[in-house]
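Here the structure is laid out as structure tokens; the discussion comes afterwards.
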2 protein chains.
Amino acid sequence: MPSSRPLRADARRNREALLTAAREAFLTGDADAHVEEIARRAGVAVGTLYRHFETREALVEEVYRQEVAELCAAPARLLAQYAPDEAVHRFLLLLVEHSAVGKGMSEALESIMATDSPVFDDARAEMAHALDELLAAGVAAGAIRDGVSGRVLLRALGGICGMRAKGWEDDAVRITTILYDGLRSGR
Amino acid sequence: MPSSRPLRADARRNREALLTAAREAFLTGDADAHVEEIARRAGVAVGTLYRHFETREALVEEVYRQEVAELCAAPARLLAQYAPDEAVHRFLLLLVEHSAVGKGMSEALESIMATDSPVFDDARAEMAHALDELLAAGVAAGAIRDGVSGRVLLRALGGICGMRAKGWEDDAVRITTILYDGLRSGR
DNA sequence: ACACAAACGGAGCCGGACTCACCTTATGGG
DNA sequence: CCCATAAGGTGAGTCCGGCTCCGTTTGTGT
């Protein structure tokens, strides 16, 4: 259904502007910028925002989806470059680092990983699948314990990404290491 | 300042009724019950609710605080009854179990553990302190790795408690076990 | 150029948190 | 026991933010 008609030029431009404006708003701190504000930043009226996105939530989700897609590309790349268990370790740390781009985006990731909103199911499935690959490779190499699904690990990571206090990065790295050691200890 | 005057009898009753109504509302699922609804359940008007609690959030916080206080009593009890590392393990599982009382309360716990809202600082500090005791006992007994603070572990637990999908309990138990193994592996 | 569907703008609607001016009642001193 | 009085209760009304609706503008295919 992506081709019910190619979308008029100005419409495409506005849609893009809205997504950019929203992403910037979230990155610069306030994850609950008003729709008016986002529309203003994009140089359009609220009505236009609602022509492109069903609800405010839908817009937020779209921004999240793009961010997640980027993260999902990582596992394959890491597996090609490192030994399986090293790849797992690096991915965990990458995730922590990535969620550091801003409070807004970190909230986004947390939502994706912790909620049951049907809208995020795809993103979660994709993420879980990417993690499954990583873990499977680790198990095959005898470096990672068996019986841990990507979905389970994803849950744990959700908690890590939700951290936002000052000095949270140190905490995140520490928890990540604990998890990693835990994954190896039962192998 | 808890004694600017003993609070009139009906006032105390209403305050209690509001807390009870709110707790029940959260336990029975909808964590975002409207203030009107909560007031109605308590048999008072919204104005009365706002006489006792600055904002809706403040009411929610008070309910959380009570729940957390209950959890904070657990570590001391467990330490008196079990070996340190066993106490840690049991507390982790207790936490999971406790957050199962309902989606509403589980959201509450997640908030307490994941946010930086100054209002929750006390609860977090208390919780972290309780965990510190547990961990310290474990370290002293040589059963737990050193260098993990209660605060850090609390973060990890926040993620676990935030899980709400069907079958989340199995996931939670599994993650908890991984964490536990991780805590022991570096000793 | 023209027609016309597609897209835009923005005043206004609506629901939910919160306020305030006025009424009710517990309580303690006479 | 009763009254004065201040603590407490009430709920219609305000405010604010997400969302809608329809009249106007504009890109596009002929």
Side-chain angles (χ1 to χ4, degrees), chain A residues 1-26 28-64 104 107-108 111 115 117 119, chain B residues 1-26 28-64 104 107-108 111 115 117 119:
Chain A
M1 199 198 287
S3 60
S4 52
R5 204 48 65 101
L7 206 56
R8 230 167 68 178
D10 56 343
R12 203 166 29 67
R13 234 178 305 123
N14 281 337
R15 186 189 158 81
E16 218 50 50
L18 282 164
L19 281 170
T20 304
R23 179 155 40 240
E24 272 171 14
F26 301 155
T28 61
D30 75 311
D32 36 51
H34 307 306
V35 287
E36 299 271 9
E37 171 67 10
I38 294 176
R40 201 185 51 66
R41 284 203 199 206
V44 302
V46 276
T48 302
L49 187 153
Y50 281 99
R51 169 165 298 272
H52 289 289
F53 303 96
E54 199 77 7
T55 67
R56 192 195 113 93
E57 264 298 293
L59 166 58
V60 172
E61 279 165 25
E62 187 54 33
V63 175
Y64 293 177
E107 264 173 28
S111 298
T115 71
S117 161
V119 208
Chain B
M1 197 198 285
S3 61
S4 52
R5 201 51 64 103
L7 205 57
R8 230 167 70 177
D10 57 343
R12 200 166 32 68
R13 233 178 306 124
N14 281 336
R15 186 189 158 81
E16 218 50 48
L18 281 165
L19 282 170
T20 303
R23 178 155 41 239
E24 271 172 15
F26 301 155
T28 60
D30 73 311
D32 36 49
H34 307 307
V35 288
E36 299 271 10
E37 170 67 11
I38 294 176
R40 200 185 53 67
R41 284 203 199 206
V44 302
V46 276
T48 301
L49 188 154
Y50 282 100
R51 172 168 296 274
H52 289 289
F53 303 96
E54 199 76 8
T55 68
R56 193 196 112 94
E57 264 298 293
L59 166 59
V60 173
E61 280 165 25
E62 187 54 34
V63 174
Y64 292 178
E107 263 171 29
S111 298
T115 71
S117 160
V119 208

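Every chain is numbered from 1, with letters handed out A, B, ... down the list of sequences.
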Restricting both atoms to N or O, compile the protein contacts to nucleotides 28-30 of chain D shorter than 3.5 Å, with distance only.
| from | atom 1 | to | atom 2 | distance (Å) |
| --- | --- | --- | --- | --- |
| dT28(D) | OP1 | Ala9(A) | N | 3.2 |

Identify all pairs in which a protein N or O lies below 3.5 Å from an N or O of nucleotides 2-4 of chain D, and state each distance.
none

Test salt bridge (charged side-chain N to carboxylate O under 4.0 Å, His left out) on Arg40(A) and Glu36(A); report intermediate values, then the result.
CA-CA 6 Å; Arg40(A) 201 185 51 66; Glu36(A) 299 271 9; over 6 Å; no

Pairs under 3.5 angstrom, nitrogen or oxygen only, protein versus nucleotides 28-30 of chain C, please.
none

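- Whole-Å rounding puts the Glu16(A) CD to dA7(C) P distance at 15 Å.
- Between the C1' atom of dA26(C) and the CZ atom of Arg12(B) lies a distance of 13 Å, rounded to the nearest Å.
- OP1 and OP2 of dA7(C) both lie 4.0 Å or more from every side-chain N or O belonging to Thr48(A).
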Under 3.5 Å, side-chain donor or acceptor atoms of residues 46-55 of chain B against the rest of the protein: list the pairs with distances, not counting sequence neighbours.
| from | atom 1 | to | atom 2 | distance (Å) |
| --- | --- | --- | --- | --- |
| Thr55(B) | OG1 | Glu57(B) | N | 3.2 |
| Thr55(B) | OG1 | Ala58(B) | N | 3.1 |

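- Atom CZ of Arg51(B) is separated from atom P of dC20(C) by 13 Å (rounded to the nearest Å).
- The shortest heavy-atom contact between Ala33(A) and Ala25(A) is CB-CB, 4.1 Å.
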Show me the donor-acceptor pairs within less than 3.5 Å that the side chains of residues 7-20 of chain B make with the rest of the protein, sequence neighbours left out.
| from | atom 1 | to | atom 2 | distance (Å) |
| --- | --- | --- | --- | --- |
| Arg8(B) | NE | Asp10(B) | OD1 | 3.3 |
| Arg8(B) | NH2 | Asp10(B) | OD2 | 3.2 |
| Thr20(B) | OG1 | Glu16(B) | O | 3.0 |

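- Atom NE2 in His52(A) sits about 13 Å away from atom C1' in dG9(C), given to the nearest Å.
- Nucleotide dC20(C) holds its P atom 16 Å from the CG atom of Leu49(B), rounded to whole Å.
- The distance from atom CD1 of Ile38(A) to atom CZ of Arg23(A), rounded to the nearest 0.5 Å, is 12.0 Å.
- One can place CZ of Phe53(A) at 11 Å from P of dC8(C), the figure rounded to the nearest angstrom.
- Look at CZ on Arg40(B): it is 15 Å from C1' on dG11(D), rounded to the nearest Å.
- Distance, Asn14(B) CG to dT24(C) C1': 13 Å, rounded to whole Å.
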Which parts of nucleotides 16-21 of chain D does protein reach within less than 4.0 Å, heavy atoms only, written one letter per nucleotide 5' to 3' as B for base, S for sugar-phosphate only and - for none?
-SSBB-

